[in-house]
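Note that these values count all heavy atoms, side chains included, but never hydrogens, waters or copies made by symmetry. Here is how names work: the chains are called A, B, and so on, in the same order as the sequence lines, proteins then strands, and each is numbered from 1.
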2 protein chains.
Amino acid sequence: MSTSLNSPYHHGNLRQALLEAALIILEKEGEAGLGLRDLARAVGVSAAAPYRHFDSRAALLEALAVTGFQRFSAAMEAVASSNPADPMAAMGKTYVLFALSNANLFRLMFSPQLKKDGRPGLRMAADAAFDTLRHVVGGDMKTGRIKALAAWAKVHGLSILLLDGQIALRAGEDTEALIAEIIGSL
Amino acid sequence: MSTSLNSPYHHGNLRQALLEAALIILEKEGEAGLGLRDLARAVGVSAAAPYRHFDSRAALLEALAVTGFQRFSAAMEAVASSNPADPMAAMGKTYVLFALSNANLFRLMFSPQLKKDGRPGLRMAADAAFDTLRHVVGGDMKTGRIKALAAWAKVHGLSILLLDGQIALRAGEDTEALIAEIIGSL
DNA sequence: GAGGGATGTTGACATTGTTTACATGAGGGG
DNA sequence: CCCCTCATGTAAACAATGTCAACATCCCTC
């Protein structure tokens, strides 16, 4: 009953395949469009198979969000370790660009649906990501804590407003330039 | 206009009753917990009745979000017309406090599920709300546009980070004081 | 090579949003 | 006053979804 010679009963690495396919569907269709059955079909597996690797749809989403935070962390560390002239500005730009180029993943990371109280894994991933952020931003969290929080808020808010198309670009205006300007305006 | 004691076949003003009950459920259970059937039952009406007033669940949510933006606008205008010493700071504080005291409604207003491209009503309500914001913030949108956008981003981001419990309060620290500090840090 | 646990399948169930056909009743024109 | 009409509500059904239980298949170890 194999549809092809190369379709073994056991997939081999289903968990990873599910996550990868889910990421693609997520970016294309949004979180609401990511159904377990569609996902299973996309990977060529039955509808119940994902439950061998994820307790529930929410757990699958949580895993996606966790990898999102890891990628986010990686991007932040990468730009920080490149020793830019203005670290804060460079990281802010990276922050916003990450949000824009991973729109639905970014939204998922901060989705209220995954109330973090019930999902320690997600909370930990988020905290880890922001810890690296804090660490790079500076040990001056004691004296400059408020300024750091303000910068964080500004960058995060800018990401979301841009994501929602709330900030209108002017004719011939470049998104990246606008980001730089806003971040630069302290 | 008399709503009789015995339950009449026709509810009287179902649309309004649905919206009010929905708001309560939304704040208590979150958007995911707001099911059409539960809502109908809460109002004492059959499961299909809401469809006489809303095309779909999404339309119901849209209507909720629209009233959210209207309340938001009202709060903004109220504080602006009170002629505070520092209008920007006062409005920023109101912005964040509105988000905190209407958590799930605020989240719904900016929910990606209601992609605004397909919902002109919501887009219009949002634009109207932010127009009053822009109007009050100043006609200096020509010269100070970047600064205004930066302030908006900061306040919006602060709202969301606080909403998600992402910003940790220190021992004995007051939320409202922290908000004021962050907003004040230009 | 025989079992056992991990992994995948099939079929079913409850729930949800939604639709279709029907019931009710308020209000206006004859 | 009756009747007709239309807005509004109900009941019953449908498709789709997340999820689970029972069964099948295969890899690994003793």
Side-chain angles (χ1 to χ4, degrees), chain A residues 1-22 25-26 28-65 108 111-115 118-119, chain B residues 1-22 25-26 28-65 108 111-115 118-119:
Chain A
M1 59 192 275
S2 55
T3 53
S4 83
L5 295 175
N6 266 0
S7 75
Y9 192 90
H10 290 80
H11 180 282
N13 192 355
L14 183 55
R15 185 188 163 96
Q16 195 58 30
L18 284 172
L19 286 177
E20 287 168 12
I25 297 181
L26 176 67
K28 199 176 312 183
E29 314 273 358
E31 183 251 290
L34 204 172
L36 273 196
R37 294 174 127 99
D38 299 346
L39 175 59
R41 200 174 310 124
V43 177
V45 101
S46 88
Y51 285 88
R52 296 293 163 194
H53 301 273
F54 302 97
D55 284 346
S56 65
R57 190 186 109 106
L60 187 273
L61 292 181
E62 177 189 350
L64 277 181
L108 181 66
S111 168
Q113 303 212 17
L114 288 73
K115 36 181 187 285
R119 316 230 161 250
Chain B
M1 218 46 198
S2 62
T3 47
S4 54
L5 293 173
N6 54 7
S7 74
Y9 193 89
H10 290 79
H11 180 281
N13 193 356
L14 183 54
R15 185 189 162 95
Q16 195 58 29
L18 284 172
L19 285 177
E20 286 168 12
I25 297 181
L26 176 66
K28 198 176 312 181
E29 314 273 358
E31 183 251 291
L34 205 172
L36 274 194
R37 293 175 128 101
D38 298 345
L39 174 60
R41 200 175 310 122
V43 178
V45 101
S46 87
Y51 285 89
R52 295 292 162 194
H53 301 274
F54 302 97
D55 283 346
S56 65
R57 191 185 108 107
L60 187 271
L61 292 181
E62 177 190 348
L64 278 182
L108 181 66
S111 167
Q113 302 213 18
L114 286 65
K115 38 180 188 286
R119 315 227 164 250

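Rounded to an integer number of Å, the gap from A:Asn13 CG to C:dG8 P is 9 Å. The distance between atom CG of B:Leu36 and atom P of C:dT16, rounded to the nearest whole Å, is 10 Å. Rounding to whole angstrom units, CZ of residue A:Arg37 and C1' of C:dC13 are separated by 11 Å. The nearest whole Å value for the distance from the CD atom in B:Gln113 to the P atom in C:dG17 is 12 Å. Spacing between atom CG of A:Leu39 and atom P of D:dA16 amounts to 18 Å, rounded to whole angstrom units. Residue A:Glu31 contributes atom CD, which lies 13 Å from atom C1' of D:dG18 at whole-angstrom precision. In this structure, B:Leu18 places its CG atom 13 Å from P of C:dG17, rounding to the nearest Å. Going from atom CZ of B:Arg52 over to atom C1' of C:dC22 covers 10 Å, rounded to whole Å.
Between B:Glu62 and B:Arg57, none of the side-chain N atoms (NZ, or NE/NH1/NH2) sits under 4.0 Å from a carboxylate O, so this pair counts as no salt bridge.
Between the side chain of B:Arg57 and the base of C:dG17 there is no donor-acceptor pair of N/O atoms closer than 3.5 Å.
The side chain of A:Tyr51 lies closest to D:dT19 when the candidates are D:dT19, C:dT9, C:dA21. You'll find that the side chain of B:His53 is closest to D:dT8, out of D:dT8, D:dA11, D:dA13.
Residues A:Arg41 and A:Ala48 each lie close to DNA chain D; by heavy-atom proximity, the contact nearer the 5' end of the strand is made by A:Arg41.
A donor-acceptor pair is defined here as one N or O able to donate and one able to accept, closer than 3.5 Å; no such pair exists between the side chain of B:Arg119 and the backbone of B:Leu114.
Of all heavy-atom pairs spanning A:Leu64 and A:Leu108, the tightest one is CB-CD2, 3.8 Å. Considering all non-hydrogen atoms of both residues, B:Val45 and B:Pro50 come closest at CG1-CD, 4.4 Å.
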